[in-house]
Structure formats: C-alpha cells, structure tokens
Amino acid sequence: LHATVRDVSERNRAEQERQRLQAQLIQAQKLEAIGQLAGGVAHDFNNILTAVLMQVNLLQGEGGLTQEVRDGLADIEAEAKRAANLTRQLLMFSRRQVLQTRTFEFNSLLGNLLKMLRRLIGEQIALEFSGAPSDLWLDADPGMIEQVVLNLVVNARDAMPKGGRVTLTMQCLELDETRCAHNPEARPGRFACLAVTDTGHGMDDVTRQRAFEPFFTTKGAGKGTGLGLATVYGIVKQHKGWVEVDSTPGQGTTFRVFLPARRGPPPSEVLPAEHKTMPGGTE
C-alpha cells in the first residue's frame, strides 16, 4: 500500500489572499465608476441650480411682491442652496473639486482642530489625540484635509449614540512592497497615516464594503445624506492617497487615511545678502 501526502495549506492561503485582493480591486473599480457617474450628474445639476438661484435673486429684487411670495422665494433659495451643497459633496467624491494646495504641518493642523472637535462630539464622548513624534509635512489642501477629519470624527460620534471614545493617532510610515501587497490601492513611499478609532457598534463585511458609496447610510431617515464617507474617499483619492477600514461588529471601527508626506519642511526663501536690506530715504 502506497500513499502520497501533500500539504496544500500554503497554496490555499495564497488562493484566499488572491481572492481577497481581487475583491478589493473590484470594489475600487466600482467606486471609480460610481465617481465618474456622480461627477457627471453633479456637474450638470450644479449648472441648473446656478440658473435657478440667479432667477430667484432677480425676482427677490422686484418691487411690489407680497410677503407670501417673498417667503416662497426664500424657501426656493434655501432648498436650492441645500441641493448645491449636495452636488458639491458629489463633486468631491468624483475628485472634480479644485485643490488649493500648500505646504503645512499635519500635527499642528489637527491640534488646532481639537477644540472644535470636542464641541462637535459632545460631552458623552471622550476624544484622545496622539500626534506623530516629529513634524509631518504635507503638500495638500488644508481645508479639504480638515473636512476629512471632521467627517471621520462625526461618523465615529454617530456610531456611539450612548457615548464612548474616539482616538486620533498620527504616524509617519515608510511603506515598502511587502506592506502594500495586501491593498491594491496602496503604493510604496513615505506617507502620513491618520487613524480614527471609535468604540462604537462596528460594521459587518457588507456594510464595510459599501461604506464609501454615495447616499449609502445605516442611519434612520432624515439623519444623514450618506455623503460623509464618500466625501472622505474622494478628497483622499484626489490627494493621491487611500483609506483602509478595519471593523468588527460590537468592537468599533478604525479608518486609516494615508496621504503622501514630504521628507521635510519647504526650503526657506532666503534672499542673497546684498538684497536683504532695501535702500530707503529719510522720510
């Protein structure tokens, strides 16, 4: 009697990893397709809203309007502006917003936001911040990066209706091919990593895979548009970064935002010695 035994554990693990990466790639491609569609619709819809608001403003300047008509025009203006805000978020998701890039230090940006964030989440939720041990410089749009942080913190707050803890952690990471192998969107290089961790109810796999889709939300009717995480995804992608999510039902969620980081502060613009002092008179 002869028997042949072959250990296929490694092959099975490799196949499972291949399937996982393929699923991540398909999800990224799906979000890309949704972004193109959403961006096209939002752009055209924004043009229509601009015309509506212009006409409303012209009518509001007319004399002889009754108070009832003026109230109606004010309602139309408010709703049109609300719709315009939604289109702006869709344009962010589709990466069609114009970036106002400058160089800034990420730790300082977050430190300046902390007071506002604590007011935003309320007294029942503790907010902890752990900055990177050294300065972390980015070439990015600071206003949009602030919006990423705000949206992630608000999302964490909403996941903890009975209170809990939100932790913001900053790191500077040098990623290599091995570290990037588990995520098809990742790439080697120097990156700032912001991790936002909550102690909320967490997400199952189905919810986690759909978390960045526009208008997808697990909140009740009237309690959210489902564009917060979609906006985060669009802004980070426009900055040539990516977002990773770890979540377990009942054990909380961690969002990790990776953004390209500089290797140091911008070079100081020092004038030549002969130009440091401008000639002047005695007046």
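Because only heavy atoms are used, hydrogens play no part in the values below, and waters and symmetry mates are left out as well, while side chains stay in.
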Exercise. Following the transitive rule for hydrophobic clusters with a side-chain heavy-atom cut-off under 4.5 Å over Ile, Leu, Val, Met, Phe, Trp and Tyr, establish whether Phe191 and Phe106 coincide in one cluster.
Key: no
Quiz item: With a 3.5 Å cut-off and no angle check, do the side chains of Thr103 and Asp139 form a donor-acceptor pair?
Solution: yes
Quiz item: Between atom OG1 of Thr253 and atom CG of Leu152, what is the distance when rounded to the nearest 0.5 Å?
Solution: 11.0 Å
Exercise. May I ask you to check whether Ser108 and Glu105 show a side-chain donor-acceptor distance below 3.5 Å?
Key: yes
Quiz item: Between atom OG1 of Thr101 and atom CD1 of Ile145, what is the distance when rounded to the nearest 0.5 Å?
Solution: 9.0 Å
Quiz item: What's the spacing between Lys240 NZ and Leu259 CG if we round to 0.5 Å?
Solution: 12.0 Å
Quiz prompt | Pairwise side-chain contact, Met170 with Asn107, heavy-atom cut-off 4.5 Å (strictly under) | solution = yes
Exercise. Would you tell me whether Thr207 and Asp204 have side-chain atoms, one donor and one acceptor, within less than 3.5 Å of each other?
Key: yes
Quiz item: Which class fits the ring pair Phe258 and Trp242: parallel under 30°, tilted 30 to 60°, perpendicular over 60°?
Solution: parallel
Quiz prompt | Asp71 versus Gln67, side-chain donor and acceptor atoms under 3.5 Å | solution = yes
Quiz item: Looking at residues at least two apart in the chain, or sitting in another chain, which of them share a side-chain hydrogen bond (donor to acceptor under 3.5 Å, both in side chains) with Thr169?
Solution: none
Quiz item: Do Leu73 and Leu65 touch side chain to side chain, with heavy atoms closer than 4.5 Å?
Solution: yes
Exercise. Give a yes or no on whether Leu120 and Leu114 share a hydrophobic cluster (residues Ile, Leu, Val, Met, Phe, Trp, Tyr; joining criterion: side-chain heavy atoms under 4.5 Å apart).
Key: yes
Quiz prompt | Donor-acceptor under 3.5 Å (Thr66 side chain, Val69 main chain) | solution = yes
Self-check item: Interatomic distance, Asn155 atom CG to Leu150 atom CG [nearest 0.5 angstrom]
Solution: 12.5 Å
Quiz prompt | salt_bridge(Glu62, Arg70) N-O dist < 4.0 Å | solution = no
Quiz item: Would you call Asp176 and Arg179 a salt bridge, using N to O less than 4.0 angstrom?
Solution: no
Self-check item: Cluster overlap Leu175 with Leu138, hydrophobic side-chain contacts below 4.5 Å
Solution: no
Self-check item: Other residues, nucleotides, ligands: >12 heavy atoms within 6.0 Å of Glu174 CD
Solution: yes
Quiz item: Honestly curious: do Val154 and Leu127 fall in one hydrophobic cluster under the side-chain, below-4.5 Å linking rule?
Solution: yes
Self-check item: Cationic N near anionic O, under 4.0 Å, Asp141 to Arg102
Solution: no
Self-check item: Validation row: Phe212, Val245 side chains within 4.5 angstrom (heavy atoms)
Solution: yes
Self-check item: Single hit among Val166, Asn151, Val149 for side-chain contact (heavy atoms from CB on, under 4.5 Å) with Val196
Solution: Val166
Practice problem: Please round to the nearest 0.5 Å and tell me the distance separating atom CZ of Arg256 and atom CG of Leu173. | Solution: 10.0 Å
Exercise. Calculate, to the nearest 0.5 Å, the distance between atoms OG1 and NZ belonging to Thr199 and Lys162 respectively.
Key: 13.0 Å
Quiz item: Should the pair Asp198-Arg165 be classified as a salt bridge under the 4.0 Å nitrogen-to-oxygen rule?
Solution: no
Quiz item: Is Glu185 paired with Lys237 through a side-chain N to carboxylate O contact shorter than 4.0 Å?
Solution: yes
